[in-house]
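In what follows, a structure is listed as structure tokens, so that the remarks can point back to it.
Keep in mind the model is a prediction, meaning the values are calculated, not measured. Just so it is clear: chains get the letters A, B, ... in the order the sequence lines come, proteins before strands, and each one is counted from 1. Reckoned from all heavy atoms, side chains included, excluding hydrogens, waters and symmetry mates.
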2 protein chains.
Amino acid sequence: MMTETAELAPDPVSDRVLRSFAGYALKRASNAVQADLVRTLEPFGLRMITFTALLLIVENPDLSQTQLAGVLAVERSNLVTIVDELEQAGWIARGQSPRDRRSHALRATSAGERLCTAARRAVEAHEARLFSSIGADGKAMLVNALGLVENAGNKLPVGANSGAAR
Amino acid sequence: MMTETAELAPDPVSDRVLRSFAGYALKRASNAVQADLVRTLEPFGLRMITFTALLLIVENPDLSQTQLAGVLAVERSNLVTIVDELEQAGWIARGQSPRDRRSHALRATSAGERLCTAARRAVEAHEARLFSSIGADGKAMLVNALGLVENAGNKLPVGANSGAAR
DNA sequence: TATTGTTATACTCTATAACTATA
DNA sequence: TATAGTTATAGAGTATAACAATA
């Protein structure tokens with residue numbers, strides 16, 4: 001049964017304190033953008049991480065898995081599944097490195113290159129859609145500000161917090 | 001054994017295409033800020049989600065779990081663990097609602113209120129630390145831009161993507 | 001019949017340890 | 001001895017279905 005809406009005021013839950021935190025706005029915006037990006041990539045059979053991996057392989061042919069894991073900030077062990085996924089779909093191939101028989105030389109197939117181009121166009125359209133409301137300079141300023149914030153976050157390693165009770 | 005660094009140029013992996021996407025900058029900044037926030041809350045015995053829940057309970061006494069799940073954008077089933085965690089630490093109590101014997105009236109204990117105040121101060125310091133590099137107006141503009149982007153993302157529901165091959 | 005809190009379950013992401021084959 | 005790729009596994013976070021008590 002529905003709850004009574006007229007009798008007692010619905011008393012909307014206040015989240016104003018939460019909204020006073022910029023980190024909260026950052027997380028909400030990031031979530032919304034990622035969600036739209038997932039929807040954008042879905043029709044291509046790509047996840048965010050497989051799209052990113054494919055893009056990097058196309059741009060950097062004969063990349064090794066360790067190198068790729070490094071740029072993607074993913075554990076090498078977890079990269080295996082990602083590369084498997086792309087290889088089984090026929091979009092990339094694990095070639096053999098001429099210098100080191102342990103390492104794989106990742107290279108996109110022509111199907112993979114075509115898919116990458118198409119997906120990239122869709123992602124660019126997604127970006128245009130989501131960031132159009134703030135204009136070109138707004139976007140540039142936003143990206144610049146985000147870079148500064150990211151650096152500030154990564155600068156302070158572990159112990160820099162104020163003392164706290166429990 | 002180390003790989004040869006002089007003989008062959010290390011050939012740094014190019015991620016410039018990736019960096020041309022604003023959504024990527026957004027995700028990186030968000031991750032960095034969330035990571036620092038986790039470190040900030042750890043000494044208080046709080047996770048991000050339990051801190052947020054506690055804050056909302058303090059600000060909205062006698063909140064029900066369904067209401068809280070709504071603001072937090074969390075499934076009711078998953079909220080159970082969160083509320084358990086706060087209750088077992090003695091920071092909130094599941095009171096009984098006078099009107100509906102099914103629902104709980106969540107209320108912070110005095111220990112919970114003290115903890116919330118202290119944690120909130122630490123989070124405010126964390127915010128000041130991370131956003132100081134862009135100044136007060138920069139922060140205001142950032143929050144404003146993020147709100148616009150979030151709205152743009154949430155506006156377009158499901159089918160609004162450009163057609164895509166597979 | 002619908003809703004609140006709850007349990008159980010599953011699926012994705014991520015992190016760690018250990019193995020193999022090469023170096 | 002160290003590194004590349006791999007497997008197995010475990011932990012978070014999140015989503016769905018079903019149940020008992022109550023409305």
Side-chain angles (χ1 to χ4, degrees), chain A residues 1-5 7-8 10 13 27 30-31 34-35 37-39 41-42 46-53 57 62-88 92-106, chain B residues 1-5 7-8 10 13 27 30-31 34-35 37-39 41-42 46-53 57 62-88 92-106:
Chain A
M1 186 188 275
M2 283 286 293
T3 55
E4 325 270 340
T5 55
E7 232 176 277
L8 246 78
V13 180
K27 188 182 187 182
S30 181
N31 285 348
Q34 305 312 311
L37 184 53
V38 167
R39 287 193 295 267
L41 291 173
E42 206 169 39
L46 288 167
R47 297 183 291 144
M48 278 188 48
I49 190 70
T50 51
F51 168 67
T52 315
I57 294 170
D62 291 333
L63 204 60
S64 80
Q65 293 190 194
T66 298
Q67 286 177 306
L68 183 53
V71 228
L72 289 176
V74 161
E75 294 297 319
R76 275 179 318 160
S77 57
N78 292 327
L79 185 65
V80 176
T81 319
I82 297 164
V83 172
D84 282 349
E85 205 173 313
L86 290 171
E87 190 178 42
Q88 280 159 26
I92 68 161
R94 281 173 162 107
Q96 55 184 359
S97 160
R99 295 195 174 71
D100 190 334
R101 284 195 300 172
R102 290 172 305 179
S103 86
H104 291 155
L106 304 176
Chain B
M1 185 187 276
M2 281 287 292
T3 56
E4 324 270 340
T5 55
E7 235 175 274
L8 247 77
V13 180
K27 189 181 186 186
S30 181
N31 285 348
Q34 305 313 311
L37 184 53
V38 166
R39 287 194 294 267
L41 290 173
E42 205 168 40
L46 288 167
R47 296 183 293 143
M48 276 189 51
I49 190 68
T50 50
F51 168 67
T52 316
I57 294 170
D62 290 335
L63 204 60
S64 81
Q65 291 190 192
T66 298
Q67 287 176 304
L68 182 54
V71 229
L72 289 175
V74 161
E75 294 298 319
R76 275 178 318 160
S77 56
N78 292 326
L79 184 66
V80 175
T81 319
I82 297 164
V83 173
D84 282 350
E85 206 173 313
L86 290 171
E87 191 179 42
Q88 280 160 27
I92 69 162
R94 281 172 162 108
Q96 54 184 1
S97 160
R99 295 193 174 73
D100 190 334
R101 284 194 300 170
R102 288 172 306 180
S103 84
H104 291 157
L106 303 177

Provide, to the nearest angstrom, the distance between the [atom1] atom belonging to [X] and the [atom2] atom belonging to [N].
X: B:I49; N: D:dG13; atom1: CD1; atom2: P; answer: 9 Å
X: B:Q96; N: D:dA21; atom1: CD; atom2: P; answer: 17 Å
X: A:L68; N: D:dT3; atom1: CG; atom2: P; answer: 19 Å
X: A:Q67; N: D:dT3; atom1: CD; atom2: P; answer: 15 Å
X: A:I82; N: C:dT12; atom1: CD1; atom2: P; answer: 13 Å
X: A:R99; N: C:dA23; atom1: CZ; atom2: C1'; answer: 15 Å
X: A:I92; N: D:dG5; atom1: CD1; atom2: P; answer: 12 Å
X: A:Q34; N: D:dG13; atom1: CD; atom2: C1'; answer: 16 Å

For this session: Would you give the length of the straight line joining atom OG of A:S64 to atom CZ of A:R102, rounded to the nearest 0.5 angstrom?
Result: 10.5 Å
Seminar exercise, completed: Closest to the 5' end of DNA chain D, once A:V83 and B:N78 are matched to their nearest nucleotides, is A:V83
Problem set entry | Donor-acceptor under 3.5 Å (B:Q65 side chain, B:H104 main chain) | no
Problem set entry | Stepwise side-chain contact (heavy atoms from CB on, under 4.5 Å) check, A:L46 with A:L86 | CA-CA 9 Å; A:L46 288 167; A:L86 290 171; 4.2 Å; yes
Exercise. Do B:S103 and C:dT3 share a donor-acceptor pair, side chain to base, under 3.5 Å?
Worked result: no
Exercise. Less than 3.5 Å between a donor and an acceptor, one on the side chain of B:R102 and one on the base of C:dT3, is that the case here?
Worked result: yes
Within the structure shown, what part of the strands sits under 4.0 Å from [X] by heavy-atom distance: base, sugar-phosphate, or nothing?
X: B:D100; value: sugar-phosphate
X: A:E75; value: base
X: B:R101; value: sugar-phosphate

Presence of [X] side-chain N/O under 4.0 Å of [N] phosphate oxygens OP1/OP2:
X: A:R76; N: C:dA15; value: no
X: A:R94; N: D:dT6; value: yes
X: A:T66; N: D:dG5; value: yes

For this session: Taking all heavy atoms of B:L41 and all of B:M48, pick out the closest pair and write down the distance.
Result: CD1-CA, 3.8 Å
Problem set entry | Closest heavy-atom pair and its distance - B:L79, B:V74 | N-CG1, 3.9 Å
For this session: Using the closest heavy atom to pick a nucleotide of DNA chain C for each, name whichever of B:L63 or A:V74 lands nearer the 5' end.
Result: B:L63
For this session: State which of D:dG5, C:dA8, C:dA17 makes the closest approach to the side chain of A:Q65.
Result: D:dG5
